[in-house]
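A short worksheet on the structure shown next.
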Amino acid sequence: MEDVPKGKLPEHLELQRTRVVCKADAPIHTEGIQYSGAYASMGVDNSLRMDNFCKNFKIEIKWLTEDEMEFDMIGIDASIANAFRRILIAEVPTMAIEKVFMVDNTSVIADEVLAHRLGLIPLDADPRQFEYLSENDVPNERNTIVYELKISCKKGSPRLTVKSDQLKWLPDGSQLHKETPSQSAEPKTYTSFSGNQLEVSKKPLGVTYKDIILAKLGAGQAIELEAHAVKGIGKDHAKWSPVATAWYRMLPEVVFLKEVTGADAEELVKKCPVNVFDIEDLGNGKKRAVAARPRACTLCRECIRGVTEEAVELRRVKDHFIFTVESTGALPPEVLFTEAVKILEEKCNRLITELS
């Protein structure tokens, strides 16, 4: 290949190495080429090197709100992007209600169902301020958050809706007394707080969303309970997962192999359900289709069917990922991703220590 400069790949091999090409029936070039000597005969080093990674890797935040974030991760392998996704879902800790002490429940909702609904309520509590509660630990202000729900619907009153904002935080710990073997014994509660929990949390605790419906009470019905929240991870139960979802996709790339003009251009614009294409006026009544919003492509492949099949090619960039994080509200999405990076770093350090 005399026309290819030394140290560079021919166009078809570079396409195979860096892009997934989406044909009408199935994608091709989906495998990552990891072997360092794959292109050694052409003078191209395909090895993974730290200096190249530091040079090429970057993160670009596209938009950020209180609960959602979208950013681009550029210069990484799909395995790294997937590691962040899995850590966000299953290994970043949060606080969630684990134990429910039911004092009274005359509503139509069974105790188990009500306890399950309570467990899924996102709590406004920073898990970094608390410790894990192990099997032999005593519940205290550093590993347990106590909430109380005490509400009733008086006879003759209309039906009452019980919402999450009626959960009351008890900064001094449990108010319920355990059963004692004798009346002379000193009563004990289900927690052992040595002080006010505000010293640990640094702010009043509560729930993230105030309008989550827990139950509906009819006349004469009541609910009285105490709920204990502890620190955990989504790997143990989904209620501890800090994200509603965390997902990624490769950056779409729409390439014109030849110009699409006139009536074919207008037909192509109408085909796309997400308005990827637009019409460019060339003057003298001539029109040409252009990919105005390739990032919006969902890969429905309508554009590569029919008369434009040979004119348009859909690709995905293998090392460019569009990452979306939707927080449940315990922590902001940018903090969640930072925590995921720390967890991955700890895993790597642990592996290096074990290997050495």
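When reading the values below, keep in mind they use all heavy atoms of this one structure, side chains included, and skip hydrogens, waters and symmetry mates.
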Given salt bridge (charged side-chain N to carboxylate O under 4.0 Å, His left out), test Asp165 with Lys163 step by step and report yes or no. CA-CA 6 Å; Asp165 63 346; Lys163 295 187 177 181; over 6 Å; no

Kindly indicate, with the supporting measurements, whether the criterion salt bridge (charged side-chain N to carboxylate O under 4.0 Å, His left out) is fulfilled by Lys23 and Asp25. CA-CA 5 Å; Lys23 298 294 186 180; Asp25 52 349; over 6 Å; no

Take Arg288 and Asp281 through the salt bridge (charged side-chain N to carboxylate O under 4.0 Å, His left out) test and state the conclusion after the steps. CA-CA 7 Å; Arg288 178 178 63 184; Asp281 192 351; over 6 Å; no

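Between the side chains of Asp172 and Asn196, at least one donor N or O lies within less than 3.5 Å of an accepting N or O. Side-chain N/O atoms of Ser152 and Gln221 include no donor and acceptor closer than 3.5 Å. Ser134 and Asn136 share no side-chain donor-acceptor pair at under 3.5 Å. In this structure, a donor-acceptor pair under 3.5 Å is present between the side chains of Glu226 and His228. Inspection of the Glu68 and Thr324 side chains reveals no N or O donor paired with an N or O acceptor under 3.5 Å.
Using a 4.5 Å cut-off on side-chain heavy atoms (C-beta onward), Gln197 and Phe130 make contact. Side-chain contact check for Phe277 versus Val254: some heavy-atom pair is nearer than 4.5 Å. In this structure, Glu70 and Ile61 have side chains that are not in contact, with every pair of non-hydrogen atoms separated by 4.5 Å or more. Residues Val103 and Leu225 have side chains not in contact (no heavy-atom distance under 4.5 Å, counting atoms from C-beta outward). Put simply, the side chain of Glu98 does not reach to within 4.5 Å of the side chain of His237, judged on heavy atoms. Between Asp319 and Asp77, the closest side-chain pair of non-hydrogen atoms is not below 4.5 Å. Put simply, the side chain of Val276 does not reach to within 4.5 Å of the side chain of Arg295, judged on heavy atoms. When side chains are defined from C-beta on, Ser241 does not count as touching Leu88, because their heavy atoms never get closer than 4.5 Å.
Heavy atoms of other residues, nucleotides or ligands lying less than 6.0 angstrom from NZ of Lys216 number 12 at most. The number of heavy atoms from other shown groups lying within 6.0 Å of NZ (Lys271) is above 12. Residue Arg86 places its CZ atom among 12 or fewer non-hydrogen atoms of other residues, nucleotides or ligands, all under 6.0 Å distant. Around CZ of Arg249, the count of heavy atoms belonging to other residues, nucleotides or ligands within 6.0 Å exceeds 12. Counting non-hydrogen atoms of other residues, nucleotides and ligands closer than 6.0 Å to NE2 of His177 gives a total above 12.
With ring centers used as reference points, Phe71 lies under 6.0 Å from Phe337.
Rounding to the nearest 0.5 Å places CG of Leu268 at 11.0 Å from CD of Glu302. Ile151 contributes atom CD1, which lies 12.5 Å from atom CG of Asp104 (distance to the nearest 0.5 angstrom). One finds the CG atom of Asn140 at 7.0 Å from the CZ atom of Phe193 (value rounded to the nearest 0.5 Å).
Here the side chain of Thr191 pairs no donor or acceptor atom with the backbone of Gly173 at under 3.5 angstrom.
Of the candidates Glu253, Glu313, Glu14, His29, Arg19 forms a side-chain hydrogen bond (donor to acceptor under 3.5 Å, both in side chains) with just one, namely Glu253. Just one of Ser201, Ser192, Ser194 meets the side-chain hydrogen bond (donor to acceptor under 3.5 Å, both in side chains) condition when paired with Glu141; it is Ser194.
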